[in-house]
Amino acid sequence: MRIATWNVNSVGARLPRLLEWLESSGPDVICLQELKCSAEAFPSAEVKALGYESLVNGDGRWNGVAVLSRVGLADTVIGLPEGPAYDGGQESRAAAATCGGVRVWSVYVPNGREVGHPHYDYKLQWLEALRRTARHEVSGDLPFAILGDYNIAPTDEDVYDRSVFEGSTHVTEPERAALKALRQEGLSDVMPRALKYDHPYTYWDYRQLCFPKNRGMRIDLVYGNAPFAAAVKDSYVDREARKGKGASDHAPVVVDLDI
DNA sequence: ATGCCTTCTTGAAGAAGA
(Lines give C-alpha, C1' and ligand atoms only; values in the text may rest on other atoms or scores of the structure.)
Protein backbone atom coordinates (compact mmCIF):
# COMPACT_ATOMS: atom_id res chain seq x y z
CA MET A 1 0.00 0.00 0.00
CA ARG A 2 1.17 3.48 -0.87
CA ILE A 3 0.22 6.37 1.45
CA ALA A 4 1.15 9.99 0.86
CA THR A 5 0.75 13.37 2.51
CA TRP A 6 0.84 16.69 0.69
CA ASN A 7 0.18 20.29 1.63
CA VAL A 8 -1.24 21.46 -1.69
CA ASN A 9 -1.62 25.19 -0.80
CA SER A 10 -5.12 25.50 -2.30
CA VAL A 11 -6.73 22.45 -3.86
CA GLY A 12 -8.47 24.75 -6.32
CA ALA A 13 -5.28 26.28 -7.62
CA ARG A 14 -3.51 22.91 -7.47
CA LEU A 15 -6.17 20.69 -9.03
CA PRO A 16 -4.39 20.05 -12.36
CA ARG A 17 -1.15 19.24 -10.52
CA LEU A 18 -2.98 17.09 -7.95
CA LEU A 19 -4.80 15.01 -10.55
CA GLU A 20 -1.63 14.57 -12.56
CA TRP A 21 0.28 13.47 -9.47
CA LEU A 22 -2.43 11.00 -8.40
CA GLU A 23 -2.28 9.42 -11.84
CA SER A 24 1.48 9.25 -12.04
CA SER A 25 2.21 8.21 -8.44
CA GLY A 26 -0.87 6.14 -7.71
CA PRO A 27 -1.18 6.47 -3.94
CA ASP A 28 -3.87 4.28 -2.38
CA VAL A 29 -4.41 6.90 0.28
CA ILE A 30 -3.39 10.55 0.37
CA CYS A 31 -3.73 13.08 3.15
CA LEU A 32 -4.09 16.65 1.92
CA GLN A 33 -3.64 19.91 3.79
CA GLU A 34 -4.29 23.59 3.18
CA LEU A 35 -7.24 23.00 0.88
CA LYS A 36 -8.39 26.61 1.17
CA CYS A 37 -11.91 25.62 0.22
CA SER A 38 -15.16 24.60 1.85
CA ALA A 39 -16.17 20.93 1.96
CA GLU A 40 -18.85 21.70 -0.65
CA ALA A 41 -16.30 23.25 -2.99
CA PHE A 42 -13.87 20.31 -2.81
CA PRO A 43 -13.38 18.65 -6.22
CA SER A 44 -14.81 15.31 -5.13
CA ALA A 45 -16.09 14.41 -8.60
CA GLU A 46 -12.70 14.97 -10.20
CA VAL A 47 -10.87 12.70 -7.75
CA LYS A 48 -13.76 10.20 -7.84
CA ALA A 49 -13.08 9.86 -11.57
CA LEU A 50 -9.63 8.55 -10.59
CA GLY A 51 -11.15 6.11 -8.12
CA TYR A 52 -10.82 8.03 -4.87
CA GLU A 53 -13.42 8.58 -2.20
CA SER A 54 -13.06 11.85 -0.30
CA LEU A 55 -13.31 12.80 3.34
CA VAL A 56 -13.12 16.59 3.60
CA ASN A 57 -12.89 19.00 6.49
CA GLY A 58 -12.94 22.49 4.99
CA ASP A 59 -13.98 25.90 6.18
CA GLY A 60 -13.38 28.12 3.21
CA ARG A 61 -10.63 30.63 2.89
CA TRP A 62 -7.90 29.06 5.02
CA ASN A 63 -6.89 25.68 6.35
CA GLY A 64 -8.77 22.57 5.27
CA VAL A 65 -7.69 18.92 5.24
CA ALA A 66 -8.81 15.80 3.42
CA VAL A 67 -8.24 12.07 3.19
CA LEU A 68 -8.61 10.52 -0.26
CA SER A 69 -8.72 6.75 -0.52
CA ARG A 70 -9.26 4.10 -3.13
CA VAL A 71 -9.10 1.29 -0.57
CA GLY A 72 -12.08 2.28 1.58
CA LEU A 73 -12.94 5.11 3.93
CA ALA A 74 -14.43 3.97 7.24
CA ASP A 75 -14.83 5.17 10.82
CA THR A 76 -14.35 8.77 9.79
CA VAL A 77 -13.76 11.68 12.13
CA ILE A 78 -13.98 15.36 11.19
CA GLY A 79 -12.01 17.75 13.38
CA LEU A 80 -9.71 17.25 16.34
CA PRO A 81 -11.66 15.97 19.36
CA GLU A 82 -11.54 18.52 22.17
CA GLY A 83 -9.31 20.67 20.03
CA PRO A 84 -8.82 24.29 21.12
CA ALA A 85 -10.66 27.17 19.49
CA TYR A 86 -8.94 30.14 17.89
CA ASP A 87 -10.64 33.49 17.50
CA GLY A 88 -13.87 31.98 18.75
CA GLY A 89 -14.06 28.95 16.48
CA GLN A 90 -12.71 25.55 15.53
CA GLU A 91 -10.54 25.53 12.43
CA SER A 92 -10.47 22.77 9.83
CA ARG A 93 -7.21 21.10 10.69
CA ALA A 94 -7.85 17.39 11.18
CA ALA A 95 -9.69 14.45 9.66
CA ALA A 96 -9.33 10.71 10.20
CA ALA A 97 -10.36 7.51 8.48
CA THR A 98 -9.54 3.83 8.32
CA CYS A 99 -8.44 2.94 4.81
CA GLY A 100 -7.64 -0.62 3.78
CA GLY A 101 -6.78 -1.63 7.32
CA VAL A 102 -4.66 1.43 8.11
CA ARG A 103 -5.82 4.20 10.43
CA VAL A 104 -4.74 7.63 9.23
CA TRP A 105 -5.08 11.17 10.51
CA SER A 106 -4.52 14.09 8.13
CA VAL A 107 -3.42 17.10 10.15
CA TYR A 108 -2.56 20.72 9.48
CA VAL A 109 -0.94 21.98 12.67
CA PRO A 110 -1.41 25.72 13.31
CA ASN A 111 1.46 27.87 12.07
CA GLY A 112 1.96 29.92 15.22
CA ARG A 113 2.89 33.10 13.35
CA GLU A 114 5.35 34.48 15.93
CA VAL A 115 6.65 33.30 19.27
CA GLY A 116 4.40 34.87 21.91
CA HIS A 117 1.54 35.49 19.47
CA PRO A 118 -1.83 34.03 20.55
CA HIS A 119 -1.58 31.72 17.54
CA TYR A 120 1.65 30.28 18.95
CA ASP A 121 -0.07 29.38 22.24
CA TYR A 122 -2.93 27.96 20.21
CA LYS A 123 -0.42 25.84 18.27
CA LEU A 124 0.93 24.30 21.48
CA GLN A 125 -2.58 23.68 22.81
CA TRP A 126 -3.57 22.09 19.52
CA LEU A 127 -0.58 19.74 19.67
CA GLU A 128 -1.53 18.74 23.20
CA ALA A 129 -5.05 17.87 22.02
CA LEU A 130 -3.50 15.88 19.18
CA ARG A 131 -1.39 13.97 21.71
CA ARG A 132 -4.48 13.06 23.74
CA THR A 133 -6.24 11.87 20.58
CA ALA A 134 -3.21 9.83 19.56
CA ARG A 135 -3.21 8.13 22.96
CA HIS A 136 -6.64 6.67 22.19
CA GLU A 137 -5.63 5.42 18.75
CA VAL A 138 -2.03 4.32 18.99
CA SER A 139 -2.31 0.99 20.76
CA GLY A 140 -3.29 -2.31 19.26
CA ASP A 141 -2.38 -4.11 16.08
CA LEU A 142 -3.92 -1.68 13.62
CA PRO A 143 -1.29 0.27 11.71
CA PHE A 144 -1.85 3.89 12.60
CA ALA A 145 -0.20 7.12 11.50
CA ILE A 146 -0.63 10.86 11.79
CA LEU A 147 0.43 12.42 8.51
CA GLY A 148 0.54 16.06 7.59
CA ASP A 149 2.01 19.50 7.84
CA TYR A 150 3.22 19.75 11.43
CA ASN A 151 4.70 23.22 10.95
CA ILE A 152 7.66 22.16 13.13
CA ALA A 153 11.15 21.14 12.10
CA PRO A 154 11.92 18.34 14.58
CA THR A 155 15.68 19.00 14.73
CA ASP A 156 18.19 21.60 13.54
CA GLU A 157 19.05 19.18 10.74
CA ASP A 158 15.58 19.77 9.38
CA VAL A 159 16.26 23.38 8.36
CA TYR A 160 18.82 24.52 5.81
CA ASP A 161 20.39 27.07 8.16
CA ARG A 162 19.63 27.14 11.85
CA SER A 163 20.79 30.74 12.25
CA VAL A 164 18.12 31.99 9.85
CA PHE A 165 15.41 30.68 12.16
CA GLU A 166 16.76 32.05 15.41
CA GLY A 167 13.81 33.33 17.41
CA SER A 168 11.26 32.08 14.89
CA THR A 169 8.47 29.60 15.19
CA HIS A 170 8.91 26.06 13.82
CA VAL A 171 12.19 25.44 15.65
CA THR A 172 11.50 26.44 19.27
CA GLU A 173 11.99 24.13 22.20
CA PRO A 174 8.30 24.09 23.27
CA GLU A 175 7.26 23.09 19.76
CA ARG A 176 9.86 20.33 19.62
CA ALA A 177 8.90 19.20 23.11
CA ALA A 178 5.30 18.86 21.92
CA LEU A 179 6.49 16.63 19.08
CA LYS A 180 8.54 14.56 21.51
CA ALA A 181 5.51 14.14 23.77
CA LEU A 182 3.57 12.91 20.76
CA ARG A 183 6.27 10.36 19.94
CA GLN A 184 6.31 9.19 23.52
CA GLU A 185 2.71 8.07 23.11
CA GLY A 186 4.13 5.34 20.90
CA LEU A 187 4.80 6.97 17.56
CA SER A 188 7.99 7.17 15.54
CA ASP A 189 9.12 9.59 12.85
CA VAL A 190 9.13 7.77 9.50
CA MET A 191 12.12 9.46 7.87
CA PRO A 192 11.83 9.74 4.11
CA ARG A 193 14.67 9.56 1.60
CA ALA A 194 15.72 12.68 -0.24
CA LEU A 195 15.79 12.13 -4.00
CA LYS A 196 18.48 14.80 -4.34
CA TYR A 197 20.89 16.46 -1.89
CA ASP A 198 21.49 15.08 1.57
CA HIS A 199 18.38 15.91 3.56
CA PRO A 200 14.68 15.26 2.86
CA TYR A 201 13.22 18.74 3.04
CA THR A 202 9.51 18.93 2.28
CA TYR A 203 8.96 22.68 2.05
CA TRP A 204 10.77 25.48 0.22
CA ASP A 205 9.61 29.09 0.30
CA TYR A 206 8.44 30.44 -3.04
CA ARG A 207 10.74 33.45 -2.66
CA GLN A 208 14.41 34.07 -3.38
CA LEU A 209 15.13 30.88 -5.30
CA CYS A 210 14.76 28.80 -2.18
CA PHE A 211 13.94 25.65 -4.11
CA PRO A 212 16.79 25.82 -6.64
CA LYS A 213 19.16 26.65 -3.80
CA ASN A 214 17.64 23.89 -1.65
CA ARG A 215 16.90 26.24 1.22
CA GLY A 216 14.24 23.99 2.68
CA MET A 217 12.65 22.68 5.81
CA ARG A 218 11.36 19.24 6.79
CA ILE A 219 8.00 20.06 8.37
CA ASP A 220 5.68 17.55 6.67
CA LEU A 221 5.94 14.45 8.80
CA VAL A 222 4.64 10.91 9.11
CA TYR A 223 4.36 9.70 12.69
CA GLY A 224 3.44 6.01 12.84
CA ASN A 225 2.80 3.50 15.59
CA ALA A 226 4.84 0.29 15.86
CA PRO A 227 2.74 -1.81 13.43
CA PHE A 228 2.85 1.02 10.90
CA ALA A 229 6.60 1.58 11.27
CA ALA A 230 7.25 -2.16 10.97
CA ALA A 231 5.38 -2.25 7.65
CA VAL A 232 7.33 0.59 6.04
CA LYS A 233 9.25 -0.61 2.98
CA ASP A 234 10.32 2.77 1.66
CA SER A 235 9.62 6.47 2.04
CA TYR A 236 10.72 9.48 0.03
CA VAL A 237 10.00 13.13 -0.69
CA ASP A 238 8.85 13.64 -4.27
CA ARG A 239 10.69 16.88 -5.00
CA GLU A 240 9.75 16.58 -8.68
CA ALA A 241 6.28 17.77 -7.67
CA ARG A 242 7.81 21.01 -6.34
CA LYS A 243 9.22 21.92 -9.74
CA GLY A 244 7.82 24.15 -12.41
CA LYS A 245 4.95 26.53 -12.79
CA GLY A 246 1.90 26.10 -10.60
CA ALA A 247 3.60 24.00 -7.90
CA SER A 248 2.73 24.00 -4.22
CA ASP A 249 5.48 25.22 -1.90
CA HIS A 250 5.41 21.77 -0.27
CA ALA A 251 6.34 18.43 -1.86
CA PRO A 252 4.50 15.17 -1.23
CA VAL A 253 5.91 12.65 1.23
CA VAL A 254 5.34 9.09 0.02
CA VAL A 255 5.33 5.98 2.22
CA ASP A 256 5.24 2.45 0.81
CA LEU A 257 3.94 -0.17 3.21
CA ASP A 258 4.18 -3.93 3.07
CA ILE A 259 0.44 -4.24 3.57
C1' DA B 1 16.67 24.58 -16.37
C1' DT B 2 14.90 23.78 -10.18
C1' DG B 3 14.67 30.29 -11.60
C1' DC B 4 13.94 35.42 -7.80
C1' DC B 5 6.23 34.34 -4.13
C1' DT B 6 1.50 32.61 -4.17
C1' DT B 7 -3.04 32.24 -2.52
C1' DC B 8 -7.54 34.03 -1.13
C1' DT B 9 -11.16 37.63 -1.01
C1' DT B 10 -12.28 41.24 -3.37
C1' DG B 11 -12.69 44.68 -6.83
C1' DA B 12 -7.47 47.88 -4.01
C1' DA B 13 -4.84 46.11 -0.98
C1' DG B 14 -4.26 43.23 2.94
C1' DA B 15 -3.59 38.90 5.32
C1' DA B 16 -1.50 34.55 5.71
C1' DG B 17 1.88 31.33 4.85
C1' DA B 18 6.66 29.39 7.58
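Throughout, a chain's letter reflects where its sequence line sits, starting with A, and its residues are numbered from 1.
For B:dA18, the OP1/OP2 oxygens have a side-chain nitrogen or oxygen of A:Y108 closer than 4.0 Å. The side chain of A:N151 contributes an N or O atom lying less than 4.0 Å from OP1 or OP2 of B:dA18. Phosphate contact (OP1/OP2 of B:dT2, side-chain N/O of A:R239, threshold under 4.0 Å): absent. Distances shorter than 4.0 Å separate some side-chain N or O of A:N111 from OP1 or OP2 on B:dA18. For A:H250 and B:dA18, the shortest distance from a side-chain N or O to OP1 or OP2 is below 4.0 Å.
Here A:R14 lies in heavy-atom contact (under 4.0 Å) with sugar-phosphate atoms only. Within 4.0 Å (heavy atoms only), A:Y197 reaches at least one base atom of the nucleic acid. Within 4.0 Å of A:F165, counting heavy atoms only, lies no atom of the nucleic acid at all. Across all strands, A:D220 comes closer than 4.0 Å to no nucleic acid atom at all (heavy-atom distances). Using a 4.0 Å heavy-atom cutoff across all strands shown, A:G112 reaches no nucleic acid atom at all. Contact annotation for A:W62: base contact, defined as any heavy-atom pair under 4.0 Å involving a base atom. Backbone-only contact: A:N7 has heavy atoms under 4.0 Å from sugar-phosphate atoms and none from a base. Using a 4.0 Å heavy-atom cutoff across all strands shown, A:D205 reaches no nucleic acid atom at all. The residue A:T169 sits apart from the nucleic acid: no heavy atom pair falls under 4.0 Å.
Separating the C1' atom of B:dA1 from that of B:dT7 is a span of 25 Å, rounded to the nearest Å. B:dG11 and B:dA15: their P atoms are spaced 15 Å apart (whole Å). With P as the reference atom, B:dT6 and B:dT10 are 23 Å apart, rounded to whole Å. B:dT2 sits 26 Å from B:dC8 when the C1' atoms are compared, rounded to a whole Å. On the P atoms, B:dA18 is 26 Å away from B:dA13, given to the nearest whole Å. Here the separation of B:dT9 from B:dC4, taken at their C1' atoms, is 26 Å to the nearest Å.
Between the side chains of A:S44 and A:Y52, no donor-acceptor pair is found at a separation under 3.5 Å.
Ion pair A:D189/A:R218 flagged as a salt bridge, since at least one NZ, NE, NH1 or NH2 atom sits closer than 4.0 Å to an Asp/Glu carboxylate oxygen. Using a cut-off of 4.0 Å between Lys/Arg side-chain N and Asp/Glu carboxylate O, A:K233 and A:D256 are scored as not salt-bridged.
The distance between atom CZ of A:R207 and atom P of B:dT2, rounded to the nearest whole Å, is 22 Å. For the pair A:N63 CG and B:dA15 C1', the interatomic distance rounds to 13 Å; values are reported in whole Å. Rounded to whole Å, atom C1' of B:dT6 lies 14 Å from atom CD of A:Q208.
One can find a donor-acceptor pair under 3.5 Å joining the base of B:dT2 and the side-chain atoms of A:K196.
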Verdict with supporting geometry, A:L35 and A:S10, side chain to side chain contact (heavy atoms under 4.5 Å, CB included): CA-CA 5 Å; A:L35 304 177; A:S10 170; over 6 Å; no

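Pair assignment for B:dA18: none, as no Watson-Crick or G-U wobble contacts are both less than 3.5 Å. In this structure, B:dT10 forms no base pair with any nucleotide, since neither Watson-Crick nor G-U wobble geometry is met with both distances under 3.5 Å.
The cationic atom of A:R242 (NZ for Lys, CZ for Arg) lies less than 6.0 Å from the six-membered ring centre of A:F211 and within 45° of the ring axis.
Ring centers of A:Y201 and A:H199: under 6.0 Å apart, within the cut-off. Aromatic ring centres of A:H119 and A:Y86: separated by under 6.0 Å.
Between A:K36 and A:R242, the residue anchored closer to the 5' end of DNA chain B is A:R242, taking for each the nucleotide with the nearest heavy atom. In terms of position along DNA chain B, the nucleotide closest to A:N214 lies nearer the 5' end than the nucleotide closest to the other residue of the pair A:N214 and A:H170.
Considering only side-chain atoms of A:L209, the nucleotide from B:dC4, B:dT6, B:dT7 that sits closest is B:dC4.
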